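The block underneath contains the structure these notes are about, expressed in structure tokens.
None of the values given here were measured: they were computed from a predicted structure. Remember, it's 1-based here, ligands and their atoms both numbered in the order they're listed.
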Amino acid sequence: MLRSILLKFSNSKALAHWVTSNGTTRRMSHRFVPGEVLDEAMGAAHACNDGGMLVTLDCLGENVSTPADAQKVRDTYLAIYDRLAQEKLKANVSCKLTQLGLDLSPEFCEGLVLSIAERAAAYESFLRIDMESSIYTQRTVELVKRVRAQNPCVGAVIQSYLYRSENDIHDLLSYGCRIRLCKGAYKESEEVAFAKKEDVDANFLKLMRILLVSGFYHGIATHDPRMIAGTIRFAAERKISKDDFEFQMLYGVRKDLQRQLVRDGYRLRIYIPYGQEWFPYFMRRLAERPANLAFFIRHFFRS
Ligand SMILES: Cc1cc2nc3c(=O)[nH]c(=O)nc-3n(C[C@H](O)[C@H](O)[C@H](O)COP(=O)(O)OP(=O)(O)OC[C@H]3O[C@@H](n4cnc5c(N)ncnc54)[C@H](O)[C@@H]3O)c2cc1C
């Protein structure tokens with residue numbers, strides 16, 4: 001119930017304006033978003049690399065309304081790759097298609113993605129296309145396949161809460177696509193997604209097994225100790241090397257588990273978002289764990 005309300009609020013422009021212009025909430029957002037400018041994200045990325053973790057950088061933003069705005073986002077991503085290369089960071093980039101004009105025109109969006117992928121390839125890096133709500137799933141899968149046909153340094157994300165995900169995985173694997181598996185962060189109806197956590201989790205473990213034996217390098221993105229233990233167990237049973245896949249976690253979430261995985265010799269990539277448009281991302285993080293909301297409310301009224 002609380003999760004649904006928070007996810008609904010994540011689309012409110014009035015609330016976004018209030019929260020993002022308030023000094024206290026801006027400071028509190030730093031737990032999940034290290035800052036609003038690239039320099040702050042780079043500082044966080046260096047700290048992660050120093051701690052033995054890989055990084056993926058995301059410039060926050062969704063649903064642009066003009067081609068010029070989408071082109072600006074494309075330029076931002078090109079500049080991020082340049083900075084990552086200059087500073088020799090072990091990092092790649094994640095972006096969302098609605099930031100790059102998917103709602104305006106799939107062809108226009110594809111052109112922008114292709115130009116970002118070319119920059120990624122020039123640095124022997126990688127571009128991950130995040131997965132948004134289910135109204136975009138089909139278009140995202142199709143676009144990733146088309147871009148990959150021209151430039152294979154692009155990968156996709158699959159959400160275990162969607163019924164369709166097993167089919168999407170087989171489809172994308174037939175194109176040799178690298179996949180990030182996560183549970184899914186949006187508000188979805190029972191027509192398209194499992195409603196019960198136990199079903200989402202069971203599907204996550206099922207899809208993880210398909211990915212790990214596929215022969216391609218994938219990302220298992222979760223903070224759930226049961227999903228992580230299941231992955232470690234399965235990899236050990238099948239003698240899959242720790243170098244043949246990576247775990248992925250969000251900046252600021254379960255740092256204890258992050259350190260443990262690094263200590264145990266697993267590859268771990270931290271997703272570092274930055275930018276002014278942090279409100280929907282921040283609300284999705286609160287929705288995942290109501291205890292975070294209580295923590296933020298307590299701190300808000302204390303400060
Ligand atoms: C690297 C990465 C990339 C992602 N990319 C996408 C994407 O492209 N599209 C998409 O829809 N979703 C994405 N997600 C979000 C994902 O779908 C989940 O919403 C999110 O990871 C929470 O699910 P969970 O697997 O951690 O398990 P959950 O069942 O939600 O949580 C399990 C446990 O993890 C801990 N935990 C989880 N979330 C939090 C939190 N916010 N604060 C504190 N503790 C927490 C708690 O201990 C909790 O009990 C991504 C997640 C990661 C890690």
Review point. Is the shortest distance from a Lys or Arg side-chain nitrogen in Asp244 or Arg238 to a carboxylate oxygen in the other one below 4.0 Å?
Key: no
Review point. Is Leu173 reachable from Tyr175 through a run of I, L, V, M, F, W or Y residues, each pair having side-chain heavy atoms under 4.5 Å apart?
Key: no
Study note, to complete from the structure: Filtering Arg285, Lys183, His223 for the heavy atom nearest atom 15 (C) of ligand 1 leaves Arg285
Exercise for review: Say whether Leu60 and Val64 are linked into one hydrophobic cluster, either directly or through other cluster members, by side-chain heavy-atom distances under 4.5 angstrom.
Suggested key: no
Exercise for review: May I ask you to check if Arg285 and Tyr281 form a cation-pi contact, with NZ or CZ under 6.0 angstrom from the six-membered ring centre and within 45° of the axis?
Suggested key: yes
Check your understanding: If you count the atoms of ligand 1 from 1 in the order shown, which ones are under 4.0 Å from a heavy atom of Ala221?
Key -> 1 (C), 2 (C), 52 (C), 53 (C)
Exercise for review: Nearest heavy atom to atom 6 (C) of ligand 1 wins, so pick from Ala287, Pro225, Cys182.
Suggested key: Cys182
Check your understanding: Is there a nitrogen or oxygen of Ala185 sitting under 3.5 Å from a nitrogen or oxygen of ligand 1?
Key -> yes
Practice item. Just need the protein heavy atom nearest to atom 7 (C) of ligand 1, so name the residue and atom and give the distance. Key: Met131 O, 3.6 Å
Review point. In ligand 1, which numbered atoms sit nearer than 4.0 Å to a non-hydrogen atom of Asp130?
Key: 8 (O)
Exercise for review: State the atoms of ligand 1, each with its element, that fall below the 4.0 Å cut-off from a heavy-atom position in Tyr271.
Suggested key: 1 (C), 3 (C)
Point to revise | atom 31 (O) of ligand 1: any protein heavy atom closer than 4.0 Å | key: no
Exercise for review: Answer with yes or no whether the side chains of Ser94 and Arg180 bring together a donor and an acceptor at under 3.5 Å.
Suggested key: yes
Review point. Of Met227, Gln159, Lys96, which has the heavy atom at the shortest distance from atom 11 (O) of ligand 1?
Key: Gln159
Check your understanding: Could Asp39 and Arg83 be called an ion pair, given the rule that one side-chain N must be under 4.0 Å from one carboxylate O?
Key -> yes
Practice item. Tell me which one of Glu246, Arg254, Arg180, Arg284 gets a heavy atom nearest to atom 3 (C) of ligand 1. Key: Arg180
Review point. Is the closest N or O pair between Phe32 and ligand 1 shorter than 3.5 Å?
Key: no
Review point. Out of curiosity, Ile116 CD1 to Thr76 OG1, how far, rounded to the nearest 0.5 Å?
Key: 9.0 Å
Exercise for review: Look at atom 44 (N) of ligand 1 and say which protein heavy atom is nearest, naming residue and atom and giving the distance to 0.1 Å.
Suggested key: Arg289 CD, 2.9 Å
Practice item. List every atom of ligand 1 that sits less than 4.0 Å from any heavy atom of Gly184, numbering the atoms from 1 in the order shown and giving each element. Key: 11 (O), 16 (C), 17 (O), 19 (O)
Review point. Counting only heavy atoms, which portion of Phe204 has something under 4.0 Å from ligand 1: side chain, backbone, both, or neither?
Key: neither
Exercise for review: Compute whether any side-chain donor of one residue and acceptor of the other, for Asp243 and Tyr266, lie under 3.5 angstrom apart.
Suggested key: no
Study note, to complete from the structure: Nearest non-hydrogen contact to atom 51 (C) of ligand 1 from the set Leu250, Ile272, Leu181, Leu268 belongs to Leu250
Review point. Does Lys197 come within less than 4.0 angstrom of ligand 1, counting non-hydrogen atoms of the residue?
Key: yes
Review point. Is Lys183 positioned over the aromatic face of Tyr161, cation under 6.0 angstrom from the ring centre and no more than 45 degrees off axis?
Key: no
Exercise for review: Record the part of Thr222 in heavy-atom contact with ligand 1 below 4.0 Å; permitted values are side chain, backbone, both and neither.
Suggested key: both
Point to revise | Best match, Val253, Thr56, Asp58, Ile228: closest heavy atom to atom 45 (C) of ligand 1 | key: Val253
Point to revise | Closest protein heavy atom (residue, atom, distance) for atom 40 (C) of ligand 1 | key: Asn292 ND2, 3.5 Å
Review point. Can a donor-acceptor pair be found between the side chains of Glu132 and Tyr186 at a distance below 3.5 Å?
Key: no
Check your understanding: Would you find a donor on one side and an acceptor on the other, under 3.5 Å apart, between the side chain of Glu142 and the backbone of Arg139?
Key -> no
Review point. Do Arg178 side-chain atoms and His218 backbone N/O form a donor-acceptor pair below 3.5 Å?
Key: no
Practice item. Identify the protein heavy atom lying closest to atom 22 (C) of ligand 1, giving its residue, its atom name and the separation to 0.1 Å. Key: Glu288 CD, 3.6 Å
